[in-house]
Amino acid sequence: SVVPDPRGIDGLAKQLKAGGKAYPLFDLAVLILEKPERYSVQFRRTSEQATPLFQFTEDRSLWMSEAEAVRHILERHLDKYYRRDVVQVEPPKGAYSFIAVCGMSDTILGPPNYHDYQTRLRRLHSERFPNVPFEAFKSRVRMVKEPEFLEKWKAEQSSREEFHPIDNPEGGEVLSDLKAVEQHFRSHHAAALIVPAGDPVSVAGPVAVHHSGTAVRQLAQNAVLDLRRFPLPLAHIVGQELSSKGLQIFKAHENITYISVARPRHLDRVSTPVAEGPAGILDYLESHASTPRPEQWKALLALRVSSADEAAREAALAGDLSWLIHQGHIIDYARRGLEAVRRPKPRPIAGAAPAKSDPPPPVRG
């Protein structure tokens, strides 16, 4: 499930209170979904048989297995735990007629009859293309005869990397390849850095949709995609969170759910007289509800006949509007403009007989 980030909700509440505009809840939900930084993703197991998740304690990423998490750490964070040294070695000897090249990444794999060819092939598949069936991946490997490929491969084989554990610099331990590094990492670091995830577990949106395991990312992306099609579940959570911070939810315009600083409340100016400024605003908006907001503002400003300069008139108009909006007498709809709240229709009295209509005129034949 997807939930809004609490810091984003705090900022949104402050913006709504300061601006006074009324927004459809669905629009706010879609706005949150636009950027992963605005939400978090919660995962929970649906049964006892469901696959458990593992979490890397440093970046909070989620993985379907410990082995998957180990690969992630060694690909992205290896230098935090091991120092790399490049040492020169003798280039491969022998005659090689063909060089294998990965058809998906153009990585040079070496001659098919070289001793570590199969190891390199499977390592490239597991590190770069784990979602592609191995046989399909293998079928994309091409054999080339060009001498430049052979020379480039020999140059690559003329040096190799050694790895030294950073937490034991004086120990002189040398790990000859990444396989040895993985074994060392599992023995010395994995238990502390890769832990079973909670149930449920919540992670930040960017971690869930970009930096976790493939299956986890797919789950998160599918949840976000479903909400973009129909954001009601997220809109419901957003409404609850904003309501708890003092904002008001109401329906208008063909049952659209809005949220704003106040619920619509008609001001009866007969029983509750108001000053000339607010009264003039209400009089104008009652007959110009569909006028675009910029034109409404110009017209309301023009009604302010005063010797004061324009800045003072604008400030006075803004103050009256703010009071009317925060009292709920005017609603500033984000996509529609300013609307004065109409007098509510009288509710029918329970048990009262319906009003009689006039009989139809006689039919003349």
Side-chain angles (χ1 to χ4, degrees), residues 9-28 31 235-236 238-352 354-355:
I9 288 292
D10 289 340
L12 189 56
K14 291 177 182 178
Q15 182 179 347
L16 290 171
K17 290 177 180 178
K21 285 185 170 59
Y23 288 88
L25 268 180
F26 271 34
D27 287 3
L28 296 182
L31 182 69
H236 182 66
V238 173
Q240 288 181 325
E241 295 289 337
L242 292 176
S243 294
S244 69
K245 299 183 182 300
L247 291 156
Q248 304 297 318
I249 294 177
F250 60 91
K251 291 189 176 183
H253 307 139
E254 300 179 355
N255 222 27
I256 296 174
T257 303
Y258 289 90
I259 191 158
S260 187
V261 291
R263 295 177 63 85
R265 188 161 64 95
H266 173 69
L267 177 61
D268 187 343
R269 300 194 293 284
V270 175
S271 60
T272 309
V274 294
E276 180 181 352
I281 294 173
L282 291 168
D283 287 339
Y284 171 80
L285 292 178
E286 285 173 351
S287 56
H288 295 82
S290 60
T291 303
R293 185 186 286 104
E295 295 181 23
Q296 288 177 333
W297 176 264
K298 291 180 181 178
L300 290 171
L301 194 60
L303 295 175
R304 300 263 163 163
V305 180
S306 171
S307 58
D309 60 22
E310 184 174 353
R313 288 189 291 125
E314 286 186 347
L317 175 58
D320 288 341
L321 265 177
S322 178
W323 180 81
L324 289 166
I325 288 171
H326 282 75
Q327 293 299 312
H329 304 319
I330 288 176
I331 305 297
D332 186 2
Y333 292 102
R335 293 189 177 183
R336 301 173 68 98
L338 299 162
E339 292 185 18
V341 178
R342 303 284 183 176
R343 183 187 300 275
K345 295 180 180 179
R347 296 181 179 180
I349 301 174

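Looking only at distances, no side-chain donor or acceptor of Arg293 sits under 3.5 Å from a matching main-chain atom of Arg336. In this structure, the side chain of Arg313 engages the main chain of Leu301 through a donor-acceptor pair within 3.5 Å. Between the side chain of Glu241 and the backbone N or O of Ile9, no donor-acceptor pair lies under 3.5 Å. A donor-acceptor contact shorter than 3.5 Å links the side chain of Ser287 to the backbone of Tyr284. Between the side chain of Gln296 and the backbone N or O of His288 there is at least one donor-acceptor pair closer than 3.5 Å.
Using a 4.5 Å heavy-atom cutoff, the side chains of Val341 and His266 are in contact. With contacts defined as side-chain heavy-atom distances shorter than 4.5 Å, the pair Ile249/Leu242 does not qualify. Contact check for Leu267 versus Arg265: no side-chain heavy atoms found under the 4.5 Å cut-off. Side-chain atoms of Val261 and Leu247, non-hydrogen and from C-beta on, do get closer than 4.5 Å to each other.
Heavy-atom contacts from other residues, nucleotides or ligands closer than 6.0 Å to NE2 of His236 number 12 or fewer. Taking a 6.0 Å sphere around CD of Glu286, one finds it holds more than 12 heavy atoms contributed by other residues, nucleotides or ligands.
With sequence neighbours left out, the side chain to side chain contact (heavy atoms under 4.5 Å, CB included) criterion links Ala318 to Trp297.
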**Request:** Verify side chain to side chain contact (heavy atoms under 4.5 Å, CB included) between Ile281 and Leu317, making sure each step is shown before the conclusion.
**Result:** CA-CA 9 Å; Ile281 294 173; Leu317 175 58; 3.7 Å; yes
**Request:** For side chain to side chain contact (heavy atoms under 4.5 Å, CB included), just list the numbers for Leu321 and Leu338, CA-CA rounded to whole Å, side-chain angles, deciding distance to a tenth of an Å, and then say yes or no.
**Result:** CA-CA 10 Å; Leu321 265 177; Leu338 299 162; 4.2 Å; yes
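Listed here is the closest heavy atom pair of Phe250 and Ser260: CE2-CB, 4.0 Å. Taking each heavy atom of Ile330 and Ala340 in turn, the nearest pair found is CG1-CA, 4.2 Å.
To the nearest 0.5 Å, atom CZ of residue Arg342 and atom CG of residue Leu285 are 9.5 Å apart. Interatomic distance, OG of Ser322 versus CG of Asp332, reported as 10.5 Å (0.5 Å rounding). Annotation: the span from His329 atom NE2 to Leu324 atom CG amounts to 6.5 Å, rounded to 0.5 Å.
Ring geometry, Tyr333 versus Tyr258: the interplanar angle exceeds 60°, so the pair is classed perpendicular (tilted spans 30 to 60°).
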Under 3.5 Å donor-acceptor pairs involving side-chain atoms of residues 17-28, not counting sequence neighbours:
unit_1: Lys17; atom_1: NZ; unit_2: Lys245; atom_2: O; d: 2.5
unit_1: Asp27; atom_1: OD2; unit_2: Arg335; atom_2: NE; d: 3.2
unit_1: Asp27; atom_1: OD2; unit_2: Arg335; atom_2: NH2; d: 3.3

